[in-house]
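Working notes, structure below.
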Amino acid sequence: MPLVRPYVRSDGTPVRGHSRWAPGARREMTIFALFGLAVLGFGHTSPTNASSTEPGPSATYPIRFDHHAGTTSRSTVPRPTASYPIKFDTPERRKPAPRPAVSYPIDFSTLGAER
C-alpha cells in the first residue's frame, strides 16, 4: 500500500498525505480474508466436540507379536545376494582451468591511449 506524501498540484491545490491501495488489491485482500475466515469457521472444533465424534483408539500399546516368542532363527537373517565385489565407475579428474595471460588491472596508459 503506497503512502503518498502531501504535495501541491500544478494548479496550486494542496493535497493532504494519504495512502491508497494498488489497483485490484482491495478485492484480492477481501477474497483472502473471506477464505481465512472460512478455514477458521469450518476447520475449528473444540476438544469436547472432537472426542465425541471421533472413534477411540483400536490398538493396545505396546504391541506384541506372540507367534515369534522372542526368538529368531539364523535362516531368517537377510544375506547379500552378490558374492563378488561390485566396482562403481569413478569420475574422471577435471583438467585445471587455464591460467589467464593478462594481469589485472589493465593499465591503459601503457597502451598509448588516453582516457
Side-chain angles (χ1 to χ4, degrees):
M1 181 164 35
L3 180 66
V4 179
R5 294 188 177 147
Y7 65 96
V8 178
R9 293 185 181 165
S10 61
D11 63 352
T13 307
V15 178
R16 292 186 313 179
H18 61 279
S19 62
R20 66 173 168 217
W21 290 72
R26 190 175 307 256
R27 178 181 173 273
E28 290 177 4
M29 185 58 126
T30 304
I31 292 171
F32 179 72
L34 290 174
F35 179 75
L37 288 172
V39 168
L40 286 175
F42 290 120
H44 179 70
T45 56
S46 65
T48 56
N49 292 343
S51 63
S52 63
T53 59
E54 293 179 9
S58 60
T60 306
Y61 295 97
I63 298 174
R64 293 191 172 90
F65 299 99
D66 296 328
H67 61 276
H68 278 300
T71 60
T72 58
S73 65
R74 291 291 286 168
S75 64
T76 61
V77 176
R79 299 281 183 202
T81 57
S83 61
Y84 52 89
I86 300 173
K87 294 185 179 181
F88 296 97
D89 295 336
T90 57
E92 294 181 16
R93 292 185 56 94
R94 295 180 69 182
K95 295 179 182 177
R99 298 187 64 160
V102 179
S103 61
Y104 292 95
I106 298 174
D107 187 12
F108 290 106
S109 64
T110 60
L111 298 175
E114 295 292 326
R115 285 203 160 201

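Quick caveat, the model's predicted, so the values are computed rather than measured.
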Residues, nucleotides or ligands: over 12 heavy atoms within 6.0 Å of Asp89 CG: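 No, not enclosed.
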
When Ile, Leu, Val, Met, Phe, Trp and Tyr are grouped by side-chain heavy atoms lying under 4.5 Å apart, directly or through other members, which residues fall in the same group as Val8?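 In the cluster with Val8 there is nothing else; it is isolated.
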
Report the hydrophobic cluster partners of Val15, with the cluster defined as I, L, V, M, F, W, Y residues connected by side-chain heavy atoms closer than 4.5 angstrom, directly or transitively.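 Val4, Tyr7, which link up through side-chain heavy atoms under 4.5 Å apart, make up the rest of the cluster.
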
Who pairs with Thr30 by side-chain contact (heavy atoms from CB on, under 4.5 Å), at least two apart in sequence or on another chain?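 Leu34.
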
Please determine which of Met29, Arg27, Glu28 meets the side chain to side chain contact (heavy atoms under 4.5 Å, CB included) test together with Ile31.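 Only match with Ile31 under side chain to side chain contact (heavy atoms under 4.5 Å, CB included): Arg27.
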
